[in-house]
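Fair warning: this is a prediction, and the values are worked out from it, not measured in the lab.
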Amino acid sequence: MYRFLYIALFFFCSTQIQAQVNVSIGLYSGSKIKSIGIVSTNSNGFAINDSSQIIFKFKKSQMLHISARADSVVVKSLDSLIGVFSSFSLVPSDSTLLRVKSIHPELATRQFEGNIKIKSKTENLLIENEVDLNRYVAGVIEAEAGTGHTLEYYKVQAIICRTYALSHLNRHESEGFQLCDQVHCQVYRGRNKLNKNIANATISTHNLVLVDENVDLITAAFHSNCGGQTCNSEDIWNLPKTYLKSVIDTFCIKKNNAVWRKQMTRKEWENYLTKEYKYKLHDSDSVATVEAFSFFQPARKTHLGILPNAVPLKNIRADFSLKSTFFSVQSDSVNVVLNGKGYGHGVGLCQEGAMEMAKLGYSYYDILRFYYQNVFIIDLRRLYLFKDECL
């Protein structure tokens, strides 16, 4: 059955339809932006639009200063006041890039493609980037995966970033945009600036997404390093997914984020277990005590200890800001050492494992099918067609 469905969907993908899909991204999420500076970097500059009417046109390299005033936005050039607006859009001409610098607070300069929409709320600027999906995906890849990787790996990352974005488009609907620019959605710092492989991977996988056996977009979760074994989604998020199942991964075990270590006093560890979770520590020979100070995970577990007082490993990770839940506990009379493996929640695709697979010659299809169980790659437009026909 699965093989037949894959063949059918692969046929759909064989002739991609080049269609533009825009997404709206809330910028500087979590930051209280009071003022910014904007300048165009090339081409014919940009225009300020209010209710679809052009108010002002800026040429290349002209500076714009924008600040919040109560629930209004004050817009100035270097030498004059342009106006005070409730909201407006900056619309670039042709391929113009908009360089945005947060002045208060001072943050690094970013470059954006597409339109920038701005309004004010309680004396803070709310900034949104309306951008083509593929350009957004390229920016996410650079922020999430960095530069210097193979073209095949970037194809993997492009497909999962596109799938993840499209399956979470309603996350910030109440705030007036679709996705944020933080790890809550996917990290996005604007235009992909440095890597042609990222741009080529995004274009060559245009419209390709991952679906499950019900032809629904999957939750394409990914993390830095699984430490040798990924997690079941239900063990981390109480959300069982047939395609997010634990797999043994030997490709990542010698990578940068494969191992870590944290040390604390034995007293600190004891206090944490007994006070925070009422963990029953009795005499030194009790099963609970032995488990607390000599805990091993040759394969992934979900809890430390024995029910009903077992402590969820995901809670320990959060409480101590650990890199993963995949750790063992060793101790002496003074100290406790957590020897850990991996970095991240451990669900779905392991980035460092996928990078190694790509270096070894595995295709993006092989890599995706290794980390996600019983999934299929389909063209986005064909997906919508398939869904329409099923209604």
Subject >> Closest contact, heavy atoms only, Ile253 versus Gly228 >> reply: CG2-CA, 3.7 Å

**OP:** State yes or no: are the ring centers of Tyr343 and His223 separated by less than 6.0 Å?
**Re:** no

**OP:** Would you indicate whether the side-chain heavy atoms of Arg99 and Ser40 approach each other to under 4.5 Å?
**Re:** no

**OP:** Could you tell me whether a side-chain N or O of Ser233 sits under 3.5 Å from a main-chain N or O of Lys241, the two making a donor and an acceptor?
**Re:** yes

**OP:** Kindly state whether the ring of Tyr154 and the ring of Tyr364 have centres lying under 6.0 angstrom apart.
**Re:** no

Original post:
Is a side-chain donor or acceptor of Lys193 paired with a backbone partner of Gly139 at a separation under 3.5 angstrom?
Top reply: no

**OP:** Evaluate the side chain to side chain donor-acceptor pair (under 3.5 Å) criterion for residues Asn129 and Tyr188: first the C-alpha distance (whole Å), next the side-chain angles of each, then the deciding distance (0.1 Å), finally the verdict.
**Re:** CA-CA 11 Å; Asn129 183 202; Tyr188 173 65; 2.8 Å; yes

Original post:
Are Val329 and Phe296 linked, directly or through other ILVMFWY residues, by side chains that come within less than 4.5 angstrom of each other?
Top reply: no

Original post:
To the nearest 0.5 Å, what is the distance between NE2 (His206) and CD1 (Ile203)?
Top reply: 10.0 Å

**OP:** State, with a plain yes or no, whether a side-chain heavy atom of Ile367 is found less than 4.5 Å away from one of Leu349.
**Re:** yes

**OP:** Report yes or no: does Trp269 contribute a side-chain atom to a donor-acceptor pair with the main-chain N or O of Ala292 at less than 3.5 Å?
**Re:** yes

Original post:
Any donor-acceptor pair under 3.5 Å linking the side chain of Asn192 with the backbone of Asn195?
Top reply: yes

**OP:** Could you tell me whether Arg69 and Glu123 have a side-chain N and a carboxylate O separated by less than 4.0 Å?
**Re:** no

**OP:** For Glu152 and Ser363, run side chain to side chain contact (heavy atoms under 4.5 Å, CB included): C-alpha distance rounded to whole Å, both residues' side-chain angles, the deciding distance at 0.1 Å, then the answer.
**Re:** CA-CA 7 Å; Glu152 202 66 17; Ser363 70; 3.9 Å; yes

Original post:
Does the separation of the ring centres of Phe251 and Tyr362 fall below 6.0 angstrom?
Top reply: yes

Subject >> Straight-line distance of Ile141 CD1 to Ile198 CD1, nearest 0.5 Å >> reply: 6.0 Å

Original post:
If you draw the axis of the six-membered ring of Phe293, does the NZ or CZ of Arg266 fall within 45° of it and under 6.0 Å from the ring centre?
Top reply: yes

Subject >> Inter-residue atom distance Ser29.OG - His172.NE2, 0.5 Å rounding >> reply: 6.0 Å

Subject >> Carboxylate-amine/guanidinium contact Arg189 Glu142, below 4.0 Å >> reply: no

Subject >> Criterion side chain to side chain donor-acceptor pair (under 3.5 Å) on Ser224 and Asn257, from CA distance to verdict >> reply: CA-CA 7 Å; Ser224 177; Asn257 291 311; 3.0 Å; yes

Original post:
Is Lys301 close to Phe295 at the side-chain level, that is, under 4.5 Å between some pair of heavy atoms?
Top reply: yes

**OP:** Using only heavy-atom distances, determine whether the side chains of Asn225 and Gln351 contain a donor-acceptor pair under 3.5 Å.
**Re:** no

Original post:
Got a donor-acceptor contact below 3.5 angstrom from the Lys101 side chain to the Leu107 backbone?
Top reply: yes

Original post:
Do Asn335 and Asp332 meet the criterion of a side-chain donor-acceptor pair at a distance under 3.5 Å?
Top reply: no

Subject >> Check: Ala145 main-chain N/O paired with His149 side-chain donor or acceptor under 3.5 Å >> reply: yes

**OP:** Answer whether the closest heavy-atom distance between the side chains of Leu179 and Leu169 falls below 4.5 Å.
**Re:** yes

**OP:** Return the minimal non-hydrogen interatomic distance between Lys121 and Leu126, and the atom names on each side.
**Re:** CB-CD1, 3.8 Å

Original post:
Counting distance only, does the side-chain N/O of Ser294 pair as donor-acceptor with the main-chain N or O of Glu291 below 3.5 Å?
Top reply: no

Original post:
Any donor and acceptor pair, going by atom type alone, linking the side chain of Tyr371 with main-chain N or O of Phe222 inside 3.5 Å?
Top reply: no

Original post:
Given Leu125 and Lys34, is the side chain to side chain contact (heavy atoms under 4.5 Å, CB included) satisfied, shown in steps?
Top reply: CA-CA 6 Å; Leu125 295 176; Lys34 304 294 185 183; over 6 Å; no

Original post:
Does one hydrophobic cluster hold both Trp237 and Val247, with members joined at side-chain heavy-atom distances below 4.5 Å?
Top reply: yes

Original post:
Side chains of Arg162 and Asn134: is there a donor and an acceptor less than 3.5 Å apart?
Top reply: yes

Original post:
Hey, is Glu234 close enough to Lys245 for a salt bridge, meaning N to O under 4.0 Å?
Top reply: yes

Original post:
In terms of hydrophobic clustering (I, L, V, M, F, W, Y; side-chain heavy atoms under 4.5 Å; direct or indirect links), are Phe376 and Val215 co-clustered?
Top reply: yes

Original post:
CZ/Phe326 to CH2/Trp260 distance, rounded to the nearest 0.5 angstrom?
Top reply: 11.0 Å

Original post:
Who pairs with Glu113 by salt bridge (charged side-chain N to carboxylate O under 4.0 Å, His left out), at least two apart in sequence or on another chain?
Top reply: Arg135

Original post:
Do you reckon Ile218 sits in the same ILVMFWY cluster as Leu244, going by side-chain contacts under 4.5 Å, direct or chained?
Top reply: yes

Original post:
Is there a donor-acceptor pair closer than 3.5 Å between any side-chain N or O of Asn232 and the backbone N or O of Ser246?
Top reply: yes

**OP:** Please collect all salt bridge (charged side-chain N to carboxylate O under 4.0 Å, His left out) contacts where either partner lies in residues 307-326, sequence neighbours excluded, each pair once.
**Re:** none

**OP:** Determine whether Val131 and Phe112 make a side-chain contact, defined as any pair of heavy atoms from C-beta on separated by less than 4.5 Å.
**Re:** no

Original post:
What are the two closest non-hydrogen atoms of Tyr28 and Ile127, and how far apart are they?
Top reply: CD1-CD1, 4.0 Å

Subject >> Under 3.5 Å: donor-acceptor pair, side chain of His303, backbone of Gly305 >> reply: no

Subject >> Heavy-atom side-chain contact between Val84 and Val75 under 4.5 Å >> reply: no

Original post:
Side chains of Asn339 and Gln330: do they bring a donor and an acceptor to under 3.5 Å?
Top reply: yes

Subject >> Atom of Arg261, atom of Gln263 and distance for their closest heavy-atom approach >> reply: NH2-OE1, 3.4 Å

Subject >> Basic-acidic side-chain contact under 4.0 Å: Asp181, Arg110 >> reply: yes

Original post:
Is there a side chain to side chain contact (heavy atoms under 4.5 Å, CB included) between Leu64 and Val39 once you walk through the steps?
Top reply: CA-CA 6 Å; Leu64 193 67; Val39 63; over 6 Å; no

Original post:
Side chains of Leu368 and Leu210: does their closest heavy-atom pair fall under 4.5 Å?
Top reply: yes

**OP:** Looking only at non-hydrogen atoms, find the nearest pair between Ser24 and Glu128 and report the distance.
**Re:** CB-OE2, 2.9 Å

**OP:** For the pair Gln157 and Ile160, evaluate side chain to side chain contact (heavy atoms under 4.5 Å, CB included) and give the outcome as yes or no after the intermediate values.
**Re:** CA-CA 5 Å; Gln157 194 74 55; Ile160 63 176; 3.6 Å; yes

Original post:
In Å and rounded to the nearest 0.5 Å, what is the CG to OH distance from Asp216 to Tyr243?
Top reply: 8.5 Å

Subject >> Side-chain donor-acceptor contact under 3.5 Å, Thr230 with Arg300 >> reply: no

Original post:
What heavy-atom pair brings Ser120 and Ala70 nearest, and what distance separates the two atoms?
Top reply: OG-O, 2.8 Å

Original post:
Does the side chain of Leu313 reach to within under 4.5 Å of the side chain of Phe327, using non-hydrogen atoms?
Top reply: yes

Original post:
Same cluster or not: are Ile118 and Phe177 linked, directly or through other Ile, Leu, Val, Met, Phe, Trp or Tyr residues, by side-chain heavy atoms under 4.5 angstrom apart?
Top reply: no

